[in-house]
Amino acid sequence: METVNAIGNDIPDSELIAQAVIGDKAAFGSLYERYLEQIYRYIYYRVYNHQEAEDLTETVFLKAWEALPKSKKKVKNFRAWIYRIAHNLVIDYMRATPHVSLEQEKVPEEDVLELDGLVEKKQENQRLALAITQLETPSQQVIVLRFINQLSHAETAEILELKEGHVRVLQYRALQRLRELLTKESINDG
Amino acid sequence: MMDEKLTDILAKCLDAIENEEATVEECLIRYSEHRDELDELLETFCMIQEIPTVSPSQKFNLIARTRLENRLPSHQSHVTFPKPFRHIIQRTFIRYQRRFSMKWLVSLAMVAALFVGGTGVAYASADALPGDMLYGVKSSIQNIQLALSGDEGDINLLLGFMNKHLNEVGELIDQGRFGDVDEGIGMYQHKLAQLLQTRERVSNEDAHAEEAITQRVQQELHTQTQLMQQLQERVKDQLHVQQKLQETIRLAENGTGHGPGEGGPPEESGGPSGAGPGEPQGEQEQNQNQTGQSEDPKGPNEDPGNGEPEMEGECGPWEEGEGEAGEGGCGPGGGEDGGDGSGMPGNGHGGR
């Protein structure tokens, strides 16, 4: 499945990769723009911190650039490849900082002054986002790829190097677990 | 076995809803034997769909591509000495007279680059960092370039060099070489002083060019100030480096003609804004055009391949009493979140 550049031109990934491998930074810059948001969101829901997610996103692409010429196998699917780099980097990050504070990005105090409904909605979104970060890694990956980044079952399977059937099972369990977490939290709140 | 069957049913329902081939209610009717469990799972799915899209901050997006491209090392040869080798050289030969020795090395390198005709040293110095032996070569080459260009060319060159110096500082920070950061910041400050002098000279000589140049310099300095602020964030435990950066930020802000917090290009603090993910960033385009690194007419926020999901009217069961919610995706109030009501920390971007 070949992704075509939606940013400014129709150069397919494979062509940009070929140029990037021989040192074309602008070509790699185009790939960066193409996947920046997706990778950012993928990382964000793992680390739940905007600043860290931005830094890690940039690091993912720096690592990809360094790895490109060394890749023994030709990078056939850049998206899957860059997601895997992101996944590995997040794992390293989590190991290095095991106690990531999930409290650090709370709804600002001044929001309390806003309309009740809006605050409630914000808090609900925040609870959900926080619940996603509490899922097991495979469930988290599936939720973010499928429902946040809007990838299909097949695309998700390709990125995670799983069979589609496995992705369907993970998706089912992830939604179920998420439901449990939210229910548990609302009981605690109540 | 039950789960396995339900996983497939759930997947079919999700596919149908995502492709707008069925609504939640239709799915529940179609698979009424699993209604209760499906209902809960699809409701959770719809809640996720309602989370507004998180995006990098506008500040990050503004300079993301330029910054990345500037930070990419060359794919060719390794241009700086590997650390162990450098340490051996430093300990053995230039322990006490590092600066003096460096001058000699630089001179030799320059002779090699300019008179022997080989461009290898000059090329190899391209990615050298402050504190590296070849950095002097790089610096000398920059001075030669400046000497050979006119005033307006100088401004372009100086702005480019200043960007490079900041990237060098970033690289040094990444490598933990805080001792060498001073030199990098010093190089930036020196170029900044040259830039401001040149700008003044050009403005005095050519009133027509003044406005364009001033605007360009202001924009670039603003971007560089943002970069320095980001660098500060990365050296929170290095007070000395923080102070040096703060001092440099002040100098750059003075150079824009605006003190801290005054005027300049609009600052984005990550709060709710009307800028949706696909909106082109005017400043970014300018920035990219200046560096000649992008001709992409669109902003960096496009999410290709996936399209923008339109979940109109799919998730009816949770829209009770919300007359308009059916047009905005899953659940009440969905679909018009432009950053407000996100509940997502620092998310200053619109929903999907």
Side-chain angles (χ1 to χ4, degrees), chain A residues 3-9 21-23 25-26 28-30 32-34 36-38 40-41 44 49-51 53-55 57-58 61-62 65-66 68-69 79 105-107 117-118 121-126 128-129 132 143 146-151 153 168-169 171-172 175-176 178-179 182, chain B residues 3-4 6-8 10-11 14-15 18 40-41 43-45 47-57 60-61 64-69 71-76 233-234 270 277 293-307 309 333 340-347 352:
Chain A
T3 305
V4 168
N5 193 350
I7 303 171
N9 56 51
V21 167
I22 56 169
K25 294 179 181 179
F28 192 75
S30 295
Y32 179 52
E33 281 190 350
R34 193 176 293 182
L36 168 65
E37 288 255 332
Q38 285 187 46
Y40 172 83
R41 282 195 289 270
Y44 174 77
N49 179 302
H50 280 295
Q51 186 63 51
E54 285 176 356
D55 289 348
T57 302
E58 191 176 83
F61 284 88
L62 286 170
W65 169 261
E66 283 164 13
L68 259 181
R79 179 164 61 185
E105 298 198 71
K106 280 187 168 177
V107 178
L118 189 59
K121 186 75 203 152
K122 275 189 176 184
Q123 285 172 344
E124 188 186 303
N125 283 334
Q126 196 185 27
L128 184 57
I132 293 172
I143 291 282
R146 284 280 294 118
F147 307 133
I148 307 278
N149 279 349
Q150 308 285 336
L151 301 185
H153 289 108
R168 283 197 284 270
V169 172
Q171 168 182 264
Y172 170 79
L175 284 173
Q176 214 176 27
L178 208 50
R179 183 86 196 164
L182 292 170
Chain B
D3 277 5
E4 198 181 334
L6 253 176
T7 59
D8 291 339
L10 175 70
L14 292 173
D15 278 343
E18 283 167 347
E40 285 187 352
L41 296 173
E43 185 185 7
T44 310
F45 159 73
M47 284 169 70
I48 301 169
Q49 296 290 297
E50 276 186 55
I51 303 179
T53 309
V54 289
S55 302
S57 64
F60 178 82
N61 273 337
R65 180 170 174 169
T66 309
R67 195 171 82 154
L68 181 90
E69 287 183 12
R71 287 188 68 190
L72 295 176
S74 172
H75 268 169
Q76 279 87 8
E233 288 293 309
R234 287 158 56 188
Q293 286 165 327
S294 171
E295 295 177 3
D296 291 343
K298 294 182 186 174
N301 299 332
E302 291 269 348
D303 195 1
N306 304 323
D340 280 343
S342 70
M344 303 304 294
N347 173 22
R352 5 186 113 109

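As the structure is a prediction and not an experimental result, all values here were calculated from the model. Letters A, B, ... mirror the listed sequences (proteins, then strands); counts begin at 1.
Counting only heavy atoms from C-beta outward, the side chains of A/L182 and B/M47 approach each other to under 4.5 Å. Looking at heavy atoms from C-beta onward, B/P73 lies in side-chain contact with A/W65 at the 4.5 angstrom threshold. Using a 4.5 Å cut-off on side-chain heavy atoms (C-beta onward), B/L14 and A/F147 make contact. At a threshold of 4.5 Å between non-hydrogen side-chain atoms, the residues A/L36 and B/F60 count as touching. Residues B/L68 and A/E58 are in side-chain contact: their nearest non-hydrogen atoms beyond the backbone lie under 4.5 Å apart. A 4.5 Å side-chain heavy-atom check between A/I148 and B/T53 finds every atom pair outside the cut-off. In this structure, A/N125 and B/P52 have side chains that are in contact, with non-hydrogen atoms separated by less than 4.5 Å. The closest side-chain heavy-atom distance from B/E18 to A/R146 is below 4.5 Å.
Taking each heavy atom of A/Y172 and B/L10 in turn, the nearest pair found is CA-CD2, 3.6 Å.
Side-chain atoms of A/E54 come within 3.5 Å of backbone atoms of B/S57 as a donor-acceptor pair (strictly under, hydrogens ignored).
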For this session: Might you work through the side-chain contact (heavy atoms from CB on, under 4.5 Å) test for A/Q176 and B/E40, ending with a clear yes or no?
Result: CA-CA 8 Å; A/Q176 214 176 27; B/E40 285 187 352; over 6 Å; no

Exercise. Run the side-chain contact (heavy atoms from CB on, under 4.5 Å) check on B/Q49 and A/Q150 step by step: do they pass?
Worked result: CA-CA 9 Å; B/Q49 296 290 297; A/Q150 308 285 336; 3.7 Å; yes

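Atom CG of A/L128 is separated from atom CD1 of B/I51 by 3.5 Å, given to the nearest 0.5 angstrom. Distance NE2/A/H153 to CG/B/D15: 5.0 Å, rounded to 0.5 Å. Taken to the nearest 0.5 Å, the CD1 atom of B/I48 stands 5.5 Å off from the CG atom of A/L175. In this structure, CG on A/L62 lies 5.0 Å from CZ on B/R71, to the nearest 0.5 angstrom. In this structure, the separation between CZ on A/R179 and CD on B/E43 is 4.5 Å, given to the nearest 0.5 Å. If you take CG on B/L72 and CZ on A/F28, they are separated by 6.0 Å, rounding to the nearest 0.5 Å.
In summary, B/R65 and A/E33 engage in a salt bridge, as defined by a charged side-chain N under 4.0 Å from a carboxylate O.
Scored by the ring-ring contact (aromatic ring centres under 6.0 Å, His included) test, A/F61 finds A/Y32 as partners (sequence neighbours excluded).
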